[in-house]
Amino acid sequence: MSVSYRNNLLLIEAGRWADLLALATHGRVDGDEATPEERRELAHAVAVGASPALAVAAAELYPDEDHGFPGPLWEVVARRPWRDLAPHLTHPRVRELVAQTRVLHGEDLREVVESEIPLRLEPWESAYWDPEWDIPEYDLTGCSGCYQWSFPNWLIEDLPGGVPLPAATVEQVEHPAVPVLNGLNDPHKPIRAYALRGTAWEAAATVATDRETCRAAEVPFARAYPHLVHLATGTGPYAVPHETGQALGRLAVWRALRVMAGGGPVPAFAERLRCVTWRRPTEYSYRLYVAVEDPAQGITWAVTAAARD
């Protein structure tokens with residue numbers, strides 16, 4: 001007999017987290033039996049409400065589950081400070097993703113954890129990244145919040161100097177970063193990425209649809225960065241909640257930047273980037289348009305993404 005919704009609630013209300021974890025782990029406690037779906041929901045409740053030790057144990061039941069409502073359990077437990085979680089994290093992948101999530105919450109873990117990606121937000125990462133808005137907030141029944149990846153959205157009206165794109169066309173070139181950028185949102189395949197030899201303005205004019213009607217503006221790369229992270233989680237632009245963890249997006253964006261930088265240091269590369277964004281005034285669907293220029297290489301990478309059902 002399946003565990004009833006009422007019984008689950010009674011266990012949660014009584015704070016019987018050890019029993020809930022046992023049920024989530026084994027599927028059966030004292031004659032009660034849980035379905036796979038119920039076991040996942042119970043693990044989520046433990047990850048939200050239990051002590052750090054039990055919460056981490058619940059998250060490590062699903063170390064490779066990165067998608068699905070209401071979000072990966074490694075992001076759920078990462079609501080707590082690293083010092084509370086670290087002694088209990090035994091699965092390498094969960095440990096890495098929890099650490100990356102804590103960095104997105106603002107922690108500096110450079111001296112305590114080793115990772116391929118720096119475990120502190122760079123200034124261009126933190127400038128427009130707001131953990132209260134850019135990471136979902138989890139409770140016992142689900143989660144809420146988190147920005148969508150649409151960009152520039154209504155940004156152009158907020159910027160002085162939104163202007164038409166120039167009448168320009170530049171040559172597309174082959175570059176190893178293009179397939180990496182195309183893979184940022186693999187489950188939905190909304191992305192088209194290009195490498196062009198020219199400025200960000202020229203690249204935007206080359207790839208923009210209905211160039212004559214577009215309005216464009218130059219923005220700091222830092223302003224586009226949060227939206228690229230959300231895009232790189234692999235979820236849809238209107239998925240609320242996002243159903244996956246933002247640490248996946250940060251890791252993917254850093255890997256893409258490394259290829260774009262040609263093996264050079266990413267922080268110096270990101271600091272020198274010039275970024276142009278644009279939109280069509282009558283366009284109301286979710287989309288992302290950005291052209292990122294490296295003046296040192298004379299190459300611009302343009303990324304366009306559109307909503308897919």
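Counting from 1, the numbers follow the sequence of the chain as shown. As a basis for the values below, the full set of heavy atoms in this structure was taken, side chains included, without hydrogen atoms, waters or symmetry mates.
- Looking at heavy atoms from C-beta onward, Val98 lies out of side-chain contact with Val56 at the 4.5 angstrom threshold.
- Nearest heavy-atom pair across Pro52 and Leu85 is CB-CD2, 4.3 Å.
- When atom types are taken as modelled, the side chain of Glu60 and the backbone of Val94 share no donor-acceptor pair closer than 3.5 angstrom.
- Closest non-hydrogen pair, Tyr128 versus Pro220, comes out as OH-CG, 4.3 Å.
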Should Trp301 and Leu257 be marked as a side-chain contact (heavy atoms from CB on, under 4.5 Å) after you check the CA-CA gap, both sets of side-chain angles, and the distance that decides it? CA-CA 11 Å; Trp301 297 268; Leu257 290 172; over 6 Å; no
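- Leu109 and Leu248 fall within the same hydrophobic cluster, where Ile, Leu, Val, Met, Phe, Trp and Tyr residues are linked whenever their side-chain heavy atoms come under 4.5 Å apart, directly or through other members.
- Scanning both residues, Ala302 and Val207, for their nearest heavy atoms gives CB-CG2, 4.0 Å.
- Between Phe221 atom CZ and Arg274 atom CZ the span is 15.0 Å, to the nearest 0.5 Å.
- Heavy-atom contacts from other residues, nucleotides or ligands closer than 6.0 Å to CZ of Arg83 number 12 or fewer.
- Between Val103 and Glu125 the shortest side-chain heavy-atom distance does not fall below 4.5 Å.
- Atom OG of Ser150 is separated from atom CZ of Arg279 by 9.5 Å, given to the nearest 0.5 angstrom.
- Of the possible donor and acceptor atoms, one in the side chain of Glu75 sits under 3.5 Å from a partner among the backbone N and O of Gln246.
- Counting heavy atoms from C-beta outward, Ile117 and Arg258 have side chains that approach closer than 4.5 Å.
- The aromatic rings of Trp278 and Tyr289 lie parallel to each other, with less than 30° between the two planes, well short of the 60° mark.
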What side-chain donor-acceptor pairs closer than 3.5 Å can you find for residues 290-298, not counting sequence neighbours?
| from | atom 1 | to | atom 2 | distance (Å) |
| --- | --- | --- | --- | --- |
| Glu293 | OE1 | Ala200 | N | 2.9 |
| Asp294 | OD1 | Arg272 | NE | 2.6 |
| Asp294 | OD1 | Ala296 | N | 3.1 |
| Asp294 | OD2 | Arg272 | NH2 | 3.1 |
| Asp294 | OD2 | Gln297 | NE2 | 2.7 |
| Gln297 | NE2 | Met260 | O | 3.0 |

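- Both Leu165 and Val163 belong to a common hydrophobic cluster when Ile, Leu, Val, Met, Phe, Trp and Tyr are linked at side-chain heavy-atom distances under 4.5 angstrom.
- Taking the side chain as every heavy atom from C-beta outward, Leu20 and Ile12 approach each other to under 4.5 Å.
- Residues Arg197 and Val170 approach most closely at O-CB, 3.5 Å, considering heavy atoms.
- Val112 and Leu119 end up in the same hydrophobic cluster when Ile, Leu, Val, Met, Phe, Trp and Tyr side chains are linked at under 4.5 Å.
- Within the model, atoms OG of Ser115 and CZ of Arg120 stand 14.0 Å from one another, a figure rounded to the nearest 0.5 Å.
- A 4.5 Å side-chain heavy-atom check between Arg39 and Leu23 finds every atom pair outside the cut-off.
- Side-chain polar atoms of Thr300 and Glu202 form no donor-acceptor pair below 3.5 angstrom.
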Checking side-chain contact (heavy atoms from CB on, under 4.5 Å) for the pair Trp124/Leu273: CA distance, chi angles, key distance, verdict? CA-CA 11 Å; Trp124 45 270; Leu273 291 176; over 6 Å; no
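- Ser126 contributes no side-chain N or O that, together with a main-chain N or O of Leu121, makes up a donor-acceptor pair within less than 3.5 Å.
- Using a 4.5 Å cut-off on side-chain heavy atoms (C-beta onward), Glu116 and Trp254 make no contact.
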Which donor-acceptor pairs under 3.5 Å do the side chains of residues 261-268 make with protein atoms, sequence neighbours left out?
none

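- Remark: Glu111 CD is loosely packed, at most 12 non-hydrogen atoms of other residues, nucleotides or ligands lying under 6.0 Å away.
- In this structure, the side chains of Leu97 and His91 stay at 4.5 Å or more apart for every pair of heavy atoms.
- Checked by atom type and distance alone, the side chain of His44 pairs as donor or acceptor with a backbone atom of Asp139 at under 3.5 Å.
- At a threshold of 4.0 Å, the pair Asp84-Arg102 does not count as salt-bridged, since none of the basic side-chain nitrogens sits closer than that to a carboxylate oxygen.
- In this structure, Trp201 and Pro164 approach most closely via the heavy-atom pair CZ3-O, 4.5 Å.
- Only one option out of Val253, Asp134, Leu231 pairs with Pro226 in a side chain to side chain contact (heavy atoms under 4.5 Å, CB included); it is Asp134.
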List the steps, then state whether side-chain contact (heavy atoms from CB on, under 4.5 Å) holds for Thr206 with Tyr194. CA-CA 10 Å; Thr206 300; Tyr194 313 82; over 6 Å; no
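- Pairing each heavy atom of Leu73 with each of Ala43, the nearest pair is CD1-CB, 3.7 Å.
- Leu184 and Val259 fall into different hydrophobic clusters, where Ile, Leu, Val, Met, Phe, Trp and Tyr are joined by side-chain heavy atoms under 4.5 Å apart, directly or via other members.
- Cluster annotation: Leu228 is not connected to Val180 through the hydrophobic network of ILVMFWY side chains, with a link wherever side-chain heavy atoms come within less than 4.5 Å.
- Gln100 and Trp74 share no side-chain donor-acceptor pair at under 3.5 Å.
- In this structure, CD in Glu137 is found 9.0 Å from CD in Glu132, a value given to the nearest 0.5 Å.
- Taking 4.5 Å as the limit, some side-chain heavy atom of Leu89 sits within range of a side-chain heavy atom of Trp82.
- Remark: Glu114 pairs with no residue by the side chain to side chain donor-acceptor pair (under 3.5 Å) rule, at least two apart or across chains.
- Distance CG/Leu21 to CG/Leu42: 10.0 Å, rounded to 0.5 Å.
- For Arg215 (side chain) and Gly162 (main-chain N/O), a donor-acceptor pair under 3.5 Å exists by modelled atom type.
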Leu181 and Val178: side-chain contact (heavy atoms from CB on, under 4.5 Å), yes or no, with the steps? CA-CA 5 Å; Leu181 291 167; Val178 171; 5.6 Å; no
